[in-house]
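One structure is given here, and the rest of the page talks about it.
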Amino acid sequence: MGIKIVDTALRDGHQSLFATRMTTKEILEVLSDMDNAGYYALEVWGGATFDACLRFLNEDPWERLRLIRKACKKTKLQMLFRGQNILGYKHYPDDIVDKFVEKSLINGIDIIRVFDALNDIRNLEAAVTATKRYGGHCQVAFCYTTSPIHTVDYFVEMAKKIEAMGADSICIKDMSGVLLPEDAYQLVSQLKANTKLPIELHSHCTAGAAHVTYMKAIEAGVDIIDTALSPLSSGTSQPPSETFQYMLQGTKYDPELNLEHLKIAAEKIKKIRDKYLANGLLNPKALSVNPNILQYQVPGGMLSNLMSQLKNQGAIDRYEEVLREVPLVRADLGYPPLVTPLSQMVGTQAVMNVLTGERYKLVPEEIKDYLRGHYGASPGLIDSALRKKIINEDKVIDYRPANDLAPQFEHLKAKYRDLIKTDEDVLSIALFENVAVNFLENKYQPKTEDKTEVFEINLHV
Ligand code: CO
């Protein structure tokens, strides 16, 4: 049997290339062709899509999921789920995690890919338990990164724990595209030798190595690869789906995708991609190869964030300097993998260190919380003098952070009873309170006086 392919264009593709701004209408235009192409699954939800819907697109992310499910009849749907962070940027209580998993599955998701930014397995427990309870396929991903801590043995030990937790499959999540071909061969071989679970590889083309890395992983026995339909592939995104079909066709690895359907879908997505290229949301820089990633270990999404942060500060000329500061901050913090929310936190700290001219003169509250143990255990040790400089004698916890969080669902449901109509609304509020409340007020209680205001202003003109 050939290898399986998960197409990520409709989640990671546009998240990596143009800040997750594809609309539901645009997604629906290509969905039936992708549904007919023979993919193992389509990753279409989770990650930053939920936040982007509410915050930028004025769309209900739950409605998007239901529409996708309706249009996608044959192929499994996958979402990316950040463990105890769900789709947000902090830890949520267990009852919210549980309800979110339940509602994701009810509204159409088949496979939940769950990971923790620190690879702290305690932060996955609630999501894994819920996914199993509600009958979903539970894939646990570990964040691949390189550091003195993150050896093949480290990942094999983690894989054994993932298997023991009851996961259905394991994903190597190489969010920065730093996994090199020979390392992938070793890692996949060792994972296959030490666990029975299917192994999936997720990487990014940022450094230009992913195509070859995928081929070596395939030779080592990887079961599933993540690729993106060509117009939303490459650069900071995944390798192109069609290319892998052409490369593997007729071999024992043949994924058996239907190239005719892929061609039709690609034609449509190309027009959409070109629109974002023309309006500037897709920065051509995101499409080029950046081998320096192998030195800096910065994921694609973080690069575009850093660029826009520096642009806003009028300091785009400090870009290379900030990139050099990132690995130094990361080492100071015990080598956290650079993935949401740690990538933003480390990135912001690096920007502050460079722009203020003094390291850790300004420290975001999130970094302080990290040092207090509120995100989980750091992979490596943190220098105690640095910790003290930043958080003084603040208490540092060594247990699962969510143990401290009281249930919230019923409380939020009662608090917003006049606004919400569904449990899904409560979950949107639980994750992004102000943004979701704004969105729901517009949705359910649209203000009519807006028109009058415009009219009055016109009178003055
Ligand atoms: Co990714």
Side-chain angles (χ1 to χ4, degrees), residues 5-22 39-52 77-83 85-87 89 111-119 139-146 155 169-180 184 187 199-211 213-214 217 222 224-241 244 282 286-287 289-290 293-294 296-306 336-344 346-347:
I5 292 194
V6 173
D7 195 291
T8 55
L10 304 178
R11 202 286 297 173
D12 210 353
H14 67 121
Q15 180 170 333
S16 295
L17 295 176
F18 46 91
T20 337
R21 295 300 205 281
M22 247 179 124
Y39 288 113
Y40 170 64
L42 300 176
E43 189 176 84
V44 293
W45 209 62
T49 62
F50 197 93
D51 188 5
L77 297 179
Q78 178 172 302
M79 75 175 289
L80 182 66
F81 194 109
R82 302 184 192 114
N85 292 355
I86 311 180
L87 307 180
Y89 310 108
I111 304 169
I112 298 192
R113 172 180 291 173
V114 53
F115 76 99
D116 175 64
L118 297 174
N119 289 329
Q139 178 176 80
V140 174
F142 57 74
C143 300
Y144 178 81
T145 184
T146 58
F155 291 120
S169 60
I170 295 177
C171 175
I172 304 166
K173 181 174 162 61
D174 175 25
M175 58 282 164
S176 317
V178 296
L179 178 58
L180 296 177
L187 180 57
I199 308 294
E200 181 158 353
L201 176 58
H202 175 94
S203 185
H204 288 253
C205 297
T206 325
H211 296 64
T213 299
Y214 274 30
V222 86
I224 313 166
I225 55 171
D226 282 8
T227 58
L229 200 64
S230 56
L232 296 184
S233 74
S234 309
T236 50
S237 176
Q238 273 75 60
S241 301
F244 273 84
L282 171 51
L287 293 170
V289 176
N290 190 349
I293 301 300
L294 297 172
Y296 303 129
Q297 308 255 323
V298 179
M302 183 176 169
L303 280 178
S304 46
N305 269 344
L306 283 177
L338 293 179
V339 62
T340 302
L342 263 302
S343 49
Q344 287 85 344
V346 169

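The structure presented is a predicted model; accordingly, all values stated were derived computationally and were not measured. Note that ligands are numbered from 1 as they come in the structure, with each ligand's atoms numbered from 1 the same way.
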With a 3.5 Å distance limit and no angle check, can you tell me whether [X] reaches the backbone of [Y] through a side-chain donor-acceptor pair?
X: Asp116; Y: Gly83; answer: no
X: Asn85; Y: Tyr89; answer: no
X: Ser237; Y: Leu232; answer: yes

- Message: Restricting to N, O or S atoms, which atom of His204 is closest to the Co ion (ligand 1)?
- Response: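 Looking only at N, O and S atoms of His204, the one nearest the Co ion (ligand 1) is named NE2.
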- Task: Just give me the atom name: the N, O or S atom of His202 closest to the Co ion (ligand 1).
- Result: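 Looking at His202, the N, O or S atom with the least distance to the Co ion (ligand 1) is NE2.
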- Task: May I ask you to check whether Asp12 brings an N, O or S atom to under 2.8 Å from the Co ion (ligand 1)?
- Result: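 Given the 2.8 Å cut-off, Asp12 counts as a ligand of the Co ion (ligand 1).
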- Side chains of Gln139 and Ser169: donor-acceptor distance under 3.5 Å anywhere?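 Ser169 and Gln139 do have a side-chain donor-acceptor pair below 3.5 Å.
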